[in-house]
Number of protein chains: 2
Amino acid sequence: MSQMQNVERQLREMILGLEIGPGERLTERWIESRFGASRTPVRAALLRLETEGLIGRDGRGWAVAPINLAELGQIAVYREAVEVAAVRLTAALEDRSGIDVIAAMLDSCDAETPREEWHRVGMDFHIELARLSGNEFLLRAVRDAMTRLSRARWLEVRDEAALGRAWAEHHAILDAVKGGDAEKAARLLSNHIAGSRDRLVTSLHDDRRGLRARGFAVVAA
Amino acid sequence: MSQMQNVERQLREMILGLEIGPGERLTERWIESRFGASRTPVRAALLRLETEGLIGRDGRGWAVAPINLAELGQIAVYREAVEVAAVRLTAALEDRSGIDVIAAMLDSCDAETPREEWHRVGMDFHIELARLSGNEFLLRAVRDAMTRLSRARWLEVRDEAALGRAWAEHHAILDAVKGGDAEKAARLLSNHIAGSRDRLVTSLHDDRRGLRARGFAVVAA
DNA sequence: GATACCATTTTGGTATACCAAACTGGTATC
DNA sequence: GATACCAGTTTGGTATACCAAAATGGTATC
């Protein structure tokens with residue numbers, strides 16, 4: 001694998017894993033020495049991560065994107081538009097057997113599953129559901145939205161009950177799609193996204209002092 | 001303005017203006033000498049244009065994105081999802097005076113207006129309409145879709161009647177939004193996009209031999 | 001103590017040298 | 001004539017040197 005892809009992947013993991021906090025400044029020279037690559041691949045990685053919304057310009061330099069509560073609300077609206085469109089397409093397909101694979105993915109999580117895995121599966125559910133639509137643009141949009149939501153969802157304070165509720169909602173959506181009931185699937189998905197947004201924004205808003213104490217930049221809604 | 005932004009802007013204009021044909025190969029050295037910049041800003045521009053979908057990888061090198069009829073259909077579905085979502089948001093706003101500005105923009109076109117201007121206004125209509133929603137992600141999505149459709153729409157064979165019909169449809173959509181009738185606006189916009197897609201794909205499909213004769217790569221649906 | 005100012009350092013933007021892999025064109029071989 | 005092969009060239013990937021602008025930090029001045 002090329003250095004460019006290597007730097008991009010490792011830097012993305014550090015940002016998503018909060019090893020580099022939201023709002024933290026980045027210098028090309030630091031990344032260069034941190035990953036043992038020269039500035040050329042570093043700059044390529046920065047340009048790519050900028051389009052993913054994980055980093056942004058801070059004056060002349062670079063900074064990890066802050067947690068932006070207003071942005072989370074806008075992303076939820078965007079998600080709803082594209083995910084509902086995707087699920088309607090999928091519900092209209094003759095072959096909806098791909099649903100079973102996603103259901104199996106959900107079922108691979110149980111009480112002993114680490115939180116990190118719940119997190120990953122929770123995002124992959126939406127991405128894989130969008131993939132079934134066969135529309136590359138809807139898929140890309142969902143993947144992009146999930147990437148931007150990833151850190152916020154990780155910071156969200158979620159209890160067992162919330163995880164279980166999301167799991168049940170996911171299964172209910174799959175059942176509706178599998179049954180070809182596009183309207184029901186759309187309604188369930190819509191409510192799921194709205195509820196997810198509310199819990200997420202509320203949790204982060206309530207915990208914003210704690211987050212700032214950890215050195216994370218949090219932009220109010 | 002920096003060299004990077006300069007190269008990016010000029011190269012984008014050459015691609016959108018079909019001065020470099022769909023499918024044509026690009027080398028970093030050619031761009032370097034063409035615009036009098038070194039490879040560093042050239043590479044930055046290429047990476048950006050790649051995320052816009054205007055260029056892509058062709059093996060190890062670069063190539064201008066071909067006209068892809070299947071992709072045009074997928075973009076139409078994507079557009080419908082995000083544009084309808086945006087228009088529903090806008091129809092629910094208290095202050096919808098921004099509509100008047102867009103209407104004035106439409107009215108600035110008449111029989112003497114050059115085709116290039118009709119083209120630009122036709123895309124800006126959708127972009128500005130999405131902007132009124134206030135949702136950055138919906139706006140970005142529409143702008144991105146329009147960029148990807150730009151070359152295809154330019155190559156489309158459109159008569160006076162088609163331009164007039166699109167103009168009337170645009171006005172009808174604005175009227176519905178202004179009146180706060182989200183359902184009507186959504187329906188009109190949905191039909192407008194579907195009709196636009198059908199005419200576009202049919203036109204390019206019928207003319208695909210002519211396009212290929214001009215050296216343009218056209219990927220069938 | 002606050003502030004304006006200057007020297008130094010840091011940083012992103014740019015140009016360029018070098019390399020390995022891929023491509024090209026010609027040639028020898030069958 | 002087709003094909004396998006090889007030398008030369010081209011190309012993207014990478015490292016690095018240089019620059020101007022910005023940030024930094026210390027100091028003189030009030």
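Proteins come first, then strands; the chains are lettered A, B, ... in the order of their sequence lines, and each starts at number 1.
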Is Glu52(A) paired with Arg48(A) through a side-chain N to carboxylate O contact shorter than 4.0 Å? no

May I ask you to decide whether Asp144(B) forms a salt bridge with Arg148(B), counting only side-chain N to carboxylate O separations under 4.0 Å? yes

Sequence-aligned protein contact record of nucleotides 7-17 of chain C, with B where the base is within under 4.0 Å of a protein heavy atom and S where only the sugar-phosphate is: ----BBBBBBB

Are more than 12 heavy atoms from other residues, nucleotides or ligands located less than 6.0 Å from atom CD of Glu116(A)? no

Pairing partner (Watson-Crick or G-U wobble, both distances under 3.5 angstrom) of dT24(C): dA7(D)

In Watson-Crick or G-U wobble terms, both distances under 3.5 Å, what is the partner of dA7(C)? dT24(D)

Assess whether side-chain contact (heavy atoms from CB on, under 4.5 Å) is satisfied between Leu129(A) and Val142(A), documenting all intermediate values. CA-CA 9 Å; Leu129(A) 189 54; Val142(A) 173; over 6 Å; no

Taking C-beta and beyond as the side chain, do Leu106(A) and Phe125(A) meet within less than 4.5 Å on heavy atoms? yes

